There are 2 protein chains.
Amino acid sequence: MEYQDLRIVENPTLVREHALDKLRNAISRGLYPPGMRLVERELCEALGVSRTSVREALRQLQAENLIEVGKRRNITVAIVSSKDAEDIYLMREMLESLAVQRFVALADENAIKKLVRIHKDLRKVLNKGDVRELAIMAGEFYETILNGSGSKVIADMARQLLTRVNYLRMRSMAEPHRLEDGMHEWDTLIEAIVERNAEAAAKAMSAHLSNARKAIVTKLQQEEELAAAAVPERAAVSSRRSG
Amino acid sequence: MEYQDLRIVENPTLVREHALDKLRNAISRGLYPPGMRLVERELCEALGVSRTSVREALRQLQAENLIEVGKRRNITVAIVSSKDAEDIYLMREMLESLAVQRFVALADENAIKKLVRIHKDLRKVLNKGDVRELAIMAGEFYETILNGSGSKVIADMARQLLTRVNYLRMRSMAEPHRLEDGMHEWDTLIEAIVERNAEAAAKAMSAHLSNARKAIVTKLQQEEELAAAAVPERAAVSSRRSG
DNA sequence: CGTGCATACTTTGTATGACAAACATAGAAT
DNA sequence: ATTCTATGTTTGTCATACAAAGTATGCACG
């Protein structure tokens, strides 16, 4: 007779993982906005952990492109340029349309029901106008699809990209026009998923992200032009006279 | 008048970066093969650096999916399953066909000449049959295209994927049949690039990676079946009776 | 006034040493 | 042979320490 596998799923949550999560969240939801300087000792205090752990977390954030190390070694929250955003959205388009295609092929009824539920909740929250909550739920929406795509490789990569543009997404949602459009695109997407039409679902996802890309890139370009006009040149070089 | 930017490009090569490079290379070229256990203190000795630096390097490798941390916290070189390999190659197909498309659109004569030169060298090395050197040059080939794609975001991601399957690529090249095919595919690709036919180049790249994918996935599946047959079941669970 | 220099502070990179917790190993005891 | 025990190994975490580089402060002097 065989013994069953009774092992407890150990979850001693490493300190560095905890720190990593906290920092990643802070960045992705804009609590630490792009360009903000991150000082190790301050992070230690904010997180209540040692420098060792903070530094290990920072190395992971660095590999995830969420922070940048300047030439003077100082660490700042990464700034996503309009060009970067464009490429990231192109990649999301490829990855997530593939992911949703697989989701439709693989998902059981429960997964689809979950998606439909999130979608309904989204509608409700939309009417309330709470952008923060909306962003979180939209995140759940994507997450459900990624989880159901059956590919850890693709899901991981898509998640990483999503995190990088999460702050931009949130700000983009603040514009009511884009929100309405996005909701319609989601409607189409959900419809295709419920009908288990993989092809249509992939197309819908692709269209949705393509539109989101255009909106965000346009907005970023405008901001970049404004910034360039306001500070004629060499703005980034002189670190002194910024205040 | 503007002051020129005279700053010296500082290159104090951080110890942790050095360690990271060394480890990444060791893994990607199979010196540390998949599944190998990595012990921090041994790495310290091998690299001649402190545990602090090794651990920071390990965190980056972890974020790059080149190593895995087991439930017992032990670190091993990541094993790429046939399924992972398939997904990675699908992503490479998407990314690198896009990259080469852009390369053709953007590249100056020099970049193209460089590519042609590498291609010629590849032919020569192919006849000599030195697989290691071949793999390195093929890497340069891809790297040149990625650098010329004009997108840091895409290039980074593609590089990361390439690193993950680099060991598999090397082993795949050991099979002469696949090598010949691959060379022909490269011929087609180079031809399209020289003619500055972006569309054709993208197609050629896609076809090449698709073929490479099939070859590698098939091979991996065979190996996995063999391994499964040799060790009936629960092989991964009992860490004791393996020796 | 502001120019220049000296001094003190800050931040990062790196190394060490310490210790607990989780495991693994080898003997010892039954 | 099974179980218990003592000992070693490995990782996770912290606290320090210090050098190098950069930044800020402040003072003296023409």
Side-chain angles (χ1 to χ4, degrees), chain A residues 1 3 5-23 32 35-63 67-78 236-243, chain B residues 5-23 32 35-63 67-78 236-243:
Chain A
M1 173 194 172
Y3 291 100
D5 189 343
L6 300 174
R7 265 168 309 171
I8 290 138
V9 193
E10 28 198 322
N11 231 6
T13 317
L14 304 182
V15 171
R16 70 158 183 266
E17 299 280 354
H18 187 236
L20 178 60
D21 282 354
K22 288 275 192 192
L23 291 177
Y32 294 172
M36 177 178 173
R37 170 104 187 258
L38 299 180
V39 178
E40 292 179 3
R41 274 207 33 192
E42 290 170 7
L43 296 179
C44 293
E45 282 182 22
L47 295 165
V49 304
S50 76
R51 227 180 123 207
T52 312
S53 301
V54 165
R55 284 178 63 88
E56 290 191 19
L58 287 177
R59 294 289 87 77
Q60 299 211 210
L61 293 175
Q62 189 180 346
I67 60 176
E68 281 164 2
V69 298
K71 12 178 208 328
R72 306 299 189 222
R73 296 289 125 77
N74 39 355
I75 291 173
T76 54
V77 177
V237 173
S238 77
S239 58
R240 302 182 175 210
R241 320 202 52 77
S242 63
Chain B
D5 191 342
L6 301 175
R7 266 167 308 171
I8 289 136
V9 193
E10 28 199 323
N11 233 4
T13 318
L14 304 183
V15 171
R16 68 159 185 267
E17 299 281 355
H18 186 237
L20 178 59
D21 281 355
K22 289 273 192 195
L23 292 176
Y32 294 173
M36 175 179 176
R37 171 102 185 259
L38 298 180
V39 178
E40 291 179 4
R41 281 210 24 193
E42 291 170 7
L43 296 179
C44 293
E45 282 182 21
L47 295 165
V49 303
S50 77
R51 225 179 126 211
T52 314
S53 301
V54 165
R55 283 178 64 87
E56 290 192 19
L58 288 177
R59 294 291 86 77
Q60 297 210 209
L61 293 175
Q62 189 180 349
I67 60 176
E68 281 164 2
V69 298
K71 13 181 206 326
R72 308 295 190 227
R73 296 288 124 77
N74 39 354
I75 291 172
T76 54
V77 176
V237 173
S238 77
S239 57
R240 301 182 177 208
R241 319 201 54 74
S242 63

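Labels below follow one simple rule: chain letters A, B, ... track the order of the sequence lines, proteins then strands, and each chain is numbered from 1. Bear in mind that the values here come from a model prediction, so they are computed numbers and not experimental data.
- Here B:Arg16 reaches the OP1 or OP2 of C:dG13: one of its side-chain N or O atoms lies under 4.0 Å away.
- Contact of the A:Ile67 side chain with the A:Tyr32 side chain is not registered, since no non-hydrogen atoms from C-beta on lie closer than 4.5 Å.
- Here the CD-CZ distance, from A:Gln60 to A:Arg16, works out to 6.5 Å after rounding to the nearest 0.5 Å.
- A heavy atom closer than 4.0 Å to some atom of DNA chain C occurs in B:Thr52, B:Ser53, these being the qualifying members of residues 52-60 of chain B.
- Spacing between atom CG of A:Leu47 and atom P of D:dT13 amounts to 13 Å, rounded to whole angstrom units.
- A:Glu45 meets the side-chain hydrogen bond (donor to acceptor under 3.5 Å, both in side chains) test with A:Arg41; sequence neighbours excluded.
- Spacing between atom CD of B:Glu40 and atom P of D:dT11 amounts to 5 Å, rounded to whole angstrom units.
- Summary of the strand contacts: B:Glu42 and A:Glu17 both lie near DNA chain D, and taking for each the nucleotide with the nearest heavy atom, the more 5' one is attributed to B:Glu42.
- Atom-to-atom, CD of A:Glu45 to C1' of C:dT11 comes out at 14 Å; the value is rounded to the nearest Å.
- Here B:Arg51 lies in heavy-atom contact (under 4.0 Å) with a base.
- In this structure, B:Leu14 places its CG atom 15 Å from C1' of C:dA15, rounding to the nearest Å.
- At whole-Å resolution of the value, CG in A:Leu38 and P in C:dT10 are 19 Å apart.
- For B:Thr76 against B:Arg37, the heavy-atom pair with the smallest separation is CG2-CA, 4.1 Å.
- For the pair A:Arg73 CZ and C:dG13 C1', the computed distance is 8 Å after rounding to whole Å.
- Considering only heavy atoms from C-beta on, A:Leu14 comes within 4.5 Å of B:Arg73 through its side chain.
- Between B:Leu23 and B:Leu38, the closest side-chain pair of non-hydrogen atoms is not below 4.5 Å.
- Taking atom CZ on B:Arg41 and atom C1' on D:dG12, their separation rounds to 16 Å, with Å as the unit.
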Starting from the C-alpha separation in whole Å, work towards a yes-or-no answer on side chain to side chain contact (heavy atoms under 4.5 Å, CB included) for B:Leu58 and B:Leu43.
CA-CA 10 Å; B:Leu58 288 177; B:Leu43 296 179; 4.1 Å; yes

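- Distance B:Arg37 CZ to D:dT10 P: 7 Å, rounded to the nearest Å.
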